[in-house]
Amino acid sequence: MRFSKAFIPTQKETPADAIIPSHQLMLRAGLMRQLTAGVYMFLPLGQRALLKAMQIVREEMDAIGGQEFLYPALNPESLWIQTGRRDIPNFILSIKERELVLAPTHEEVVAWLAAMHIQSYKDLPQIWYQIQTKFRNEPRPRSGVLRGRQFIMKDSYTLDTSWEGLDKGYDLHAQAYRNIFTRCGLKFFEVGASSGAMGGTGSQEFMIESESGEDAVVRCKKCGYAANLEIATSSIPLAGRLGASKPTAEIHTPNVRTIDELASFLKADHTRLAKSLVYRHNGQPVLILMVGNDQLNESKLSAALAGGEIKAMDAQELKALTGADAGSIGPVGLRRFRIIADKRLESANNLIGGANKNDYHLGNIDMERDVTLDGYFDLRTIEDGEPCPTCSSPLKISNAIELGHIFKLGTKYSESLNVTFLDENGQVKPVVMGSYGIGIERIVACAIEQSRDEKGIIWDKALAPYLVHIIAVNMNNKDIVLASNQVYKALTEASLETLFDDRPNVTAGFKFNDADLLGMPLQIIVGEKGLRNNQVEVKIRSTNERKMVSKEDLVSEVRKLLAS
RNA sequence: CGGAACGUAGCGCAGCCCGGUAGCGCACUUGCUUGGGGUGCAAGGGGUCGCGGGUUCAAAUCCCGCCGUUCCGACCA
């Protein structure tokens with residue numbers, strides 16, 4: 001491609017709305033432009049990178065026996081009502097004029113198709129995938145392409161006769177994903193994850209570590225334990241039983257509101273304090289007991305309550321319901337509340353909690369004796385440095401970007417959409433499904449997050465829009481024009497994707513800076529100095545290494561450098 | 001959905017407090033210049049000051065409403 005004829009709107013200045021490096025560089029290098037919040041258009045350079053990512057994904061999906069489909073983005077609303085996902089908050093965007101919705105993912109459509117055509121165990125297993133635009137009603141798009149209202153996703157679905165079959169399809173995907181991200185040049189890791197609104201029994205995420213990430217992940221350096229903070233656990237000690245249980249007693253605690261105030265007022269250890277949090281689950285009041293200052297993890301709470309709508313109760317509502325303020329609520333003698341507790345409180349005694357009476361706390365609470373409990377659940381958010389649940393080494397929490405997510409769905413969708421087959425014995429059984437996603441734009445954005453410098457992008461050759469970037473230093477010099485055109489012709493004929501900066505009246509420095517910003521793996525600088533010896537200069541973007549190469553040897557030298 | 005900020009030329013911003021000529025840098029056009037790290041000089045083009053209403057002789061500027069965008073939080077398949 002000749003730069004003089006190309007649409008590559010580079011910008012020297014950083015757009016004010018872009019905060020994270022990949023977003024800034026994708027705009028500055030002319031890869032994309034924002035149309036409206038969470039919606040981007042890809043320009044030719046960006047589109048080339050996306051296509052490369054898609055091609056890698058496609059090859060690896062085909063390699064595990066995947067068959068490529070193209071499902072419709074427009075779906076009948078009724079399909080989503082059937083699975084109960086129409087009303088998930090902030091999920092679906094809909095069409096005003098018809099009873100249609102824009103698909104946020106395609107389990108429903110896949111299940112619909114399978115219900116129609118999968119009849120027998122002989123039709124299974126299947127791996128169906130597509131690369132398609134998804135739409136979601138993101139309340140808050142951000143970080144450029146990392147969280148948009150419209151994005152391209154590779155989504156695949158396995159259909160199996162059994163859970164063992166699902167495990168196989170799941171493992172195939174995990175390996176395919178490792179291949180994909182490795183080929184894209186990404187430094188990634190895997191974590192156990194929450195399956196959230198997708199439902200199902202197990203899931204893993206493929207992440208890259210990044211300050212810009214909106215997920216928090218927990219990892220153990222020593223044993224390799226890795227989990228999303230949403231589900232991560234630690235082997236922090238239980239509160240446990242401390243001596244013999246004493247009779248409960250009210251303690252006057254004037255103006256004590258927070259756990260820290262309570263701890264210092266009573267000179268008590270945090271592990272003896274039972275914090276009460278109040279929520280509504282599907283409208284019903286729930287009291288949640290936590291140790292001291294442990295933070296409630298709402299993902300875990302949602303899992304413990306088996307889904308449904310969860311909302312923290314506000315102070316007014318609480319007062320109306322119990323007659324006490326938030327700092328004084330406790331588990332003993334509280335009516336109309338379902339009570340659950342964090343596992344750390346299991347069988348604990350001699351605890352101090354709210355007395356359901358302002359300015360009073362209740363001492364010597366025994367979980368076994370005094371609390372009518374619906375069960376203990378893991379509900380706390382772990383903190384940096386806590387002991388690993390498997391090897392007790394200190395855990396480390398960091399931010400990460402989710403590139404891919406794989407789910408064992410099971411029969412959730414096949415049951416609600418009646419996807420069944422006849423097994424060897426003529427028995428009707430539900431198809432066992434898995435669902436697997438990769439964000440295509442995220443691959444590109446993560447590649448840039450991981451590989452860049454103060455000058456611009458440093459593309460891996462796997463995703464680079466072009467492999468080679470020729471800079472004709474001075475288009476007023478006939479020798480340079482001639483030589484650079486020869487070089488461009490030779491590389492193009494050798495099927496090496498080449499961008500040729502042939503812009504007249506653009507100074508050398510300007511071209512160098514644009515080339516560094518665009519970040520193609522190799523730059524070939526055609527200038528007077530080299531031509532005197534019939535040579536051109538090859539610069540490796542990633543290392544800034546330069547070498548003079550004769551025009552005759554250039555194609556083979558470029559091939560060699562790209563192969564290494 | 002809570003909190004905050006911003007909206008003036010393609011981009012980055014000043015002007016607004018204290019009402020009266022719309023400005024700077026980059027980019028763009030033309031000419032000359034330069035030609036190995038965003039050359040220099042000169043002359044130009046480009047704006048319903050987000051939209052609507054109000055106050056006023058007069059509104060980018062003051063007031064009200066709306067819309068949009070971003071950031072923090074909530075949410076996030």
Side-chain angles (χ1 to χ4, degrees), chain A residues 9-20 23-24 27-28 30 33-39 80 83 85 88-93 103-108 134-144 146-149 151 153 155 193-200 203 205 213-216 228-230 298-299 302 307 309-312 314 401-402 404-407 409 412-413 435-437 439 455-456 471-477 479-481 501 503-517 523-532 536-537 539 544 546 548:
Chain A
T10 59
Q11 291 178 314
K12 190 157 60 173
E13 286 178 290
T14 302
D17 285 346
I19 309 297
I20 71 166
H23 188 195
Q24 294 175 345
L27 294 170
R28 288 224 295 132
R33 286 293 180 266
Q34 177 175 322
L35 182 60
T36 184
V39 180
W80 291 83
T83 57
R85 294 212 288 180
I88 294 176
N90 301 326
F91 190 43
I92 290 184
L93 285 168
T105 170
H106 282 81
E107 283 79 12
E108 276 75 359
K134 302 284 191 286
F135 300 87
R136 291 195 188 168
N137 186 18
E138 286 298 340
R140 185 171 158 217
R142 70 178 111 179
S143 304
L146 289 184
R147 183 161 291 278
R149 296 209 167 109
F151 56 95
M153 181 187 244
D155 47 323
S194 155
S195 32
M198 296 292 289
S203 88
E205 288 168 316
E214 47 184 12
D215 281 290
N228 194 301
L229 188 65
E230 291 179 343
E298 290 199 4
S299 300
S302 173
E309 194 196 356
I310 292 166
K311 215 178 132 220
D314 64 50
I401 301 169
E402 176 189 353
H405 200 160
I406 59 180
F407 297 90
L409 291 178
K412 172 177 163 153
Y413 296 93
S435 159
Y436 316 87
K455 289 281 201 174
I471 296 162
V473 164
N474 178 3
M475 290 299 282
N476 292 324
N477 178 316
D479 295 334
I480 292 175
V481 172
D501 195 344
R503 289 175 293 178
N505 305 318
V506 174
T507 57
F510 204 97
K511 290 185 178 183
F512 290 137
N513 283 308
D514 262 356
D516 286 344
L517 175 61
Q523 293 173 15
I524 293 172
I525 300 153
V526 183
E528 280 174 53
K529 280 192 235 163
L531 286 183
R532 272 183 234 131
V536 295
E537 184 178 341
K539 174 180 152 181
N544 208 28
R546 296 157 188 268
M548 300 306 295

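To find a chain, count down the sequence lines: A is the first, B the second, and so on, and within it residues start at 1.
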Base-pairing mate for B:rG45 - Watson-Crick or G-U, with both contacts under 3.5 Å: none

Side-chain heavy-atom pair A:Arg28, A:Thr10 within 4.5 angstrom cut-off: no

Whole-angstrom distance between B:rG10 and B:rC51, as gauged at atom P: 13 Å

Letter per nucleotide, 5' to 3', of nucleotides 26-36 of chain B [B base touched, S only sugar-phosphate touched, - untouched; heavy atoms, 4.0 Å]: S-------BBB

A:Asn90 side, atom CG; A:Arg140 side, atom CZ - distance, nearest 0.5 Å: 13.0 Å

Sugar-phosphate only, base, or nothing, as touched by A:Phe135 at under 4.0 Å among non-hydrogen atoms: nothing

Sugar-phosphate only, base, or nothing, as touched by A:Asp17 at under 4.0 Å among non-hydrogen atoms: sugar-phosphate

Watson-Crick or G-U counterpart of B:rG2, or none if no pair lies under 3.5 Å: B:rC72

Nearest heavy atoms of A:Tyr413 and A:Glu108, plus distance in Å: CE2-OE2, 3.7 Å

Partner nucleotide, any strand, of B:rC26 [Watson-Crick/G-U, under 3.5 Å]: B:rG10

Under-4.0 Å side-chain N/O to phosphate OP1/OP2 contact, A:Thr14 with B:rG12: no

Interatomic distance at C1', B:rG25 relative to B:rG65, whole Å: 35 Å

B:rG35: pairing nucleotide in any strand, Watson-Crick or G-U under 3.5 angstrom: none

Nucleotide forming a Watson-Crick or wobble pair with B:rC66, both distances under 3.5 Å: B:rG50

Sugar-phosphate only, base, or nothing, as touched by A:Asn477 at under 4.0 Å among non-hydrogen atoms: nothing

Phosphate-side-chain proximity, A:Gln34 and B:rU70, N/O vs OP1/OP2 below 4.0 Å: yes

Phosphate OP1/OP2 of B:rC72: any A:Arg140 side-chain N/O under 4.0 Å: yes

Side chains of A:Gln34 and A:Thr36, donor plus acceptor under 3.5 Å: no

Separation of A:Phe135 CZ from A:Phe91 CZ (nearest 0.5 Å): 14.0 Å

